[in-house]
Student: 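Attaching a single structure in structure tokens format; questions to follow.
All figures in this text were calculated on a predicted structure; none of them were measured in a lab. Read the numbers this way: they start at 1 and go in the same order the structure lists the ligands and their atoms.
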Amino acid sequence: MAKTMEEIVAHCKNTGFIFPGSEIYGGLANSWDYGPLGVELKNNIKKLWWEKFVQKRENSFGIDCAILMNPRVWEASGHVASFSDPLVDCKECKARFRADNLISDFSKGEVNPDLMTREEMSKYLSDNHVPCPVCKKSNFTPIREFNLLFQTHRGVTKESQQDIYLRPETAQGEYVNFLNVQRTMRAKVPFGIGQIGKAFRNEITPGNFTFRQIEFEQMEYQWFCHEGEDEKYYEEFKKASKDFFLSLGIGEDKLRFHDHDKLAFYAKAACDLQFLFPFGWDEVNGIHNRTNYDLSRHQEFSGKAMQYLDPITNEKFIPFVIENSYGLDRAILAVICNSYETEKLEDGEEREIMRIIPKLAPFKVAVLPLMKKDLSEKAKELFSKLSQSFRTIYDDTGSIGKRYRRQDQIGTPLCVTVDYETLENQTVTVRDRDTMAQIRLPISELEGYISKIVNG
Ligand code: ATP
């Protein structure tokens, strides 16, 4: 049985995946903290992504750029001038919304606001008496542009202060370092640069748990290639993005591509990969053929040549870029939504389970002494041994049945139980999360067995 968003949020909070940000102060809208389980899941997803795009791909390199960049970067990228959403306020209850979201929600996706001008959006809201989702009245202010950049200042005195921005995406760090990476790695086009890091957007409407936050993490990969090969690589990276989400254990039926209806004037193609969240299909990743726009703009604004000299043809040119932009938090949320369910057992009972694939599970194995009194010493010894190789959890509180259920709830694929027989013959029982089947194994074979399950 699939879960609702409310159940997912409650589960994440109660089990230690995700807590509301600064909760004891009443929270901060749209900010979330990853707990002990969430941070493990997050690190496991980052690792898979880094391996797939940076480590295992030929001609691929990683970087880790500063969050604060020279403000000219954001002028060149267009973010200062036009990284904005259409904002409206409800005149009755003062709630604030994105006009485009109001329209697509009201029309249940039938009307695409991306194809509308701001005037057309305003007209649609009033012609259709679109109600405010909070107070249900229909009385909105005219649309205003709301820039999503978080602005801050550097410098000690007021006079010497300079306005700077928290980066709204990680991609620009990859563009401005294009020639640094190319030169130091002696890279030949085509090659790629990836990075994982925080991004910040002053989103108007919070919503849907970690799906839309003001501070989030991106995994972005830019592929620099020759014009003429761009379409081939665009298709290749579309496939790679779907393969990546399939490798997180997400079913094909919960993934689909959505081509952008309206392209930026410089873009040749753009699509999103969408996941079927409990609140509907929505974007987890974007793939864009950005032509040579970004590097050309940085050449223009910095006055530094961003050209690549082809060592074979001696041709100098600015490469095309295929941008692959993954939201780490959305990938985590997709994995959680995909794996958390209530299962009806044959005996009529129910159990809560997270069917996270073992590679991503926060804990790979739980060590449980059947009786705390006589068996905890042996179990702790086993915990110390296994925790050198696998993220392991020890639990000796409550009945063994309850402890199994606790591990099912957080997605631990294996439970190892130390019982009286263990003291006699150095064997343990190993319980599988999904089938609940138990086998008996010598302790000496345990690491090999767990390894097979985790890496399988
Ligand atoms: P949306 O249309 O949902 O606002 P976007 O098209 O602005 O997203 P991009 O600029 O393409 O998003 O960003 C790349 C990726 O970063 C997205 O696919 C998404 O996974 C993630 N992302 C963007 N904004 C947020 C946010 N506010 N919170 C969490 N993740 C985000």
Student: Hey, is Asp282 touching ligand 1 through its side chain, its backbone, both or neither, going by heavy atoms under 4.0 Å?
Tutor: neither
Student: When you measure from atom 22 (N) of ligand 1 to each heavy atom in Phe83, Phe211, Phe200, Phe216, which option holds the nearest one?
Tutor: Phe216
Student: Counting both backbone and side chain atoms, is some N or O of Asp329 under 3.5 Å from an N or O of ligand 1?
Tutor: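 In this structure, Asp329 places no N or O atom under 3.5 Å from an N or O of ligand 1.
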Student: As an exercise, identify every atom of ligand 1 less than 4.0 angstrom from a heavy atom of Asn285.
Tutor: 18 (O)
Student: If you measure from CG on Asp434 to CD1 on Ile357, what distance do you get to the nearest 0.5 Å?
Tutor: 11.5 Å
Student: Which part of Val284 is near ligand 1, with near meaning a heavy atom under 4.0 Å away: side chain, backbone, both or neither?
Tutor: backbone
Student: Tell me if a side-chain donor or acceptor on Asn147 pairs with a main-chain N or O of Val80 at a distance below 3.5 Å.
Tutor: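 Side chain of Asn147 to backbone of Val80: a pair is present.
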Student: Less than 4.0 Å between a side-chain N and a carboxylate O, is that true for Glu75 and Arg72?
Tutor: yes
Student: Would you say NZ of Lys91 has more than 12 non-hydrogen atoms from neighbouring residues, nucleotides or ligands within 6.0 angstrom?
Tutor: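 Yes - once you tally the heavy atoms of other residues, nucleotides and ligands closer than 6.0 Å, there are more than 12.
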Student: Can you list everything that forms a salt bridge (charged side-chain N to carboxylate O under 4.0 Å, His left out) with Lys359? Sequence neighbours excluded, please.
Tutor: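 None.
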Student: Can a donor-acceptor pair be found, under 3.5 Å and without considering hydrogens, that links the side chain of Glu343 to the backbone of Met1?
Tutor: no
Student: Counting heavy atoms only, which part of Gln218 comes closer than 4.0 Å to ligand 1: side chain, backbone, both or neither?
Tutor: side chain
Student: In terms of atom number and element, which parts of ligand 1 are under 4.0 angstrom from non-hydrogen atoms of Glu203?
Tutor: 24 (N), 26 (C), 27 (N)
Student: Check ligand 1 against Ser325 and write out every atom of the ligand that is under 4.0 Å from a heavy-atom position of the residue.
Tutor: 13 (O), 14 (C), 15 (C), 18 (O)
Student: Could you tell me whether ligand 1 has any atom less than 4.0 Å away from a heavy atom of Glu283?
Tutor: yes
Student: Atom CD of residue position Glu58 - does it have more than 12 heavy atoms of other residues, nucleotides or ligands inside 6.0 Å?
Tutor: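 12 or below, so no.
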Student: Please classify the Arg330 to ligand 1 contact at 4.0 Å (heavy-atom distances, strictly less than): side chain, backbone, both or neither.
Tutor: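 For Arg330, only side-chain atoms sit under 4.0 Å from ligand 1.
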Student: Can you tell which of Ala270, Gly327, Ala331 gets a heavy atom nearest to atom 21 (C) of ligand 1?
Tutor: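 Comparing heavy atoms across Ala270, Gly327, Ala331, the nearest one to atom 21 (C) of ligand 1 lies in Gly327.
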Student: Would you say His288 has any N or O atom under 3.5 Å from an N or O of ligand 1, going by distance alone?
Tutor: no
Student: So, using salt bridge (charged side-chain N to carboxylate O under 4.0 Å, His left out) as the criterion, who are the partners of Arg201 when residues are at least two apart?
Tutor: none
